[in-house]
Amino acid sequence: MRFNTKQILVDAQQGEYAVAAFNVYSLETVQAAISVAEKENQPVIIALGERYFPTVDVEGFAALVQAMAGKSRVPVALHLDHAYEKSSIIRAIRCGFTSVMYDGSKFDLEENIQRTKEIVEIAHKAGVSVEAEIGSVARGAFSDEEDGDGTLTDPESAKRFVAETGVDFLAAAIGTVHGMYTGEPKIDLALLERIRSEVQVPLVLHGGSGTPDDVISQAIRSGICKINVNTEISMAAVAHLLKFAADASASKVHLSTIMAHMQQSMEPVMTKFVRLFAQMERKHRRMGIDLEEWDSL
Ligand code: 13P
């Protein structure tokens with residue numbers, strides 16, 4: 001099913017769960033994400049970052065994801081992740097992305113508001129929803145994202161930002177990092193609660209990789225509806241490729257075999273995140289379902 005990102009996230013907000021937004025850059029990453037979502041019967045957001053525009057045929061990619069989403073049994077949305085250029089946003093809107101992220105986090109609040117507002121006006125005319133960020137997510141290890149200065153989101157500014165720009169989802173910087181943590185994660189869940197009390201739109205958490213499970217569960221309880229994941233999946237695939245390369249007989253292996261294995265190596269990592277974000281245990285507990293009985297089914 002092809003779905004609008006906003007519809008997916010409003011459902012998540014009402015159901016108190018989060019949807020995985022997996023960063024993709026190849027056919028295998030898209031296939032892995034949709035296959036896992038179908039097996040787990042959960043919606044999924046396919047996210048292509050502007051940084052991959054030089055290596056990915058954006059229009060061809062969008063057509064491919066739309067075709068795959070069209071025959072999928074679960075809701076699939078197509079999102080533009082971290083775009084810094086208006087031209088990239090217009091390009092994504094033209095070829096059918098269902099949401100775009102404008103990242104003006106490096107500008108001061110006033111300028112971020114002005115720039116984001118303009119993007120919202122353009123996107124909304126085309127029926128496309130917009131995510132934006134205030135505060136800034138720092139970069140940890142093995143990440144492919146731009147480095148941010150790690151400034152946390154100020155709740156009052158978040159309130160003003162959402163009211164003045166009309167964004168549909170807000171990425172809140174609460175101490176997660178893009179990539180793996182190099183020390184003890186310092187994630188300010190109390191700050192998230194304060195942001196939540198000022199902002200009604202669904203909240204987005206960047207930097208899903210390496211974030212402890214209990215922090216993720218608590219963040220979902222405090223209003224996070226979309227969680228972006230990239231690095232952990234990349235690491236699983238790279239480890240797999242290196243294993244093949246280290247094998248003396250690697251030259252005898254066909255590339256198609258390696259690609260199929262690479263997809264298989266990503267799926268368990270994606271499954272772990274989809275299950276955690278779906279908060280099934282909590283849902284079943286709320287519905288009075290016996291978890292042991294459920295597991296044995
Ligand atoms: P990770 O690489 O930490 O999973 O974060 C991805 C992300 O937030 C992309 O926007």
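Both counts, for ligands and for their atoms, begin at 1 and track the order of listing. Everything numeric here is computed off the predicted structure, so don't read it as measured data.
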Please verify the inter-ring angle class for His82 with Tyr84; under 30° counts as parallel, over 60° as perpendicular, anything in between as tilted.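 His82 vs Tyr84 ring planes: parallel.
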For [X], what residues pass the salt bridge (charged side-chain N to carboxylate O under 4.0 Å, His left out) criterion, not counting sequence neighbours?
{"X": "Lys106", "answer": "none"}
{"X": "Lys6", "answer": "Asp168"}
{"X": "Arg160", "answer": "Glu110, Glu164"}

Protein residues having a heavy atom less than 4.0 Å from any atom of ligand 1: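 Within the 4.0 Å shell of ligand 1, which is judged on heavy atoms, sit Asn23, Asp81, His82, Glu145, Val177, His178, Gly179, His206, Gly207, Gly208, Ser209, Asn228, Val229, Asn230, Thr231.
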Examine the side chains of His206 and Glu131 and answer whether a donor and an acceptor come within less than 3.5 Å of each other.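 Short answer, yes.
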Determine, stepwise, if the pair Leu78 / Phe61 fulfils side chain to side chain contact (heavy atoms under 4.5 Å, CB included). CA-CA 10 Å; Leu78 176 58; Phe61 171 85; 3.8 Å; yes
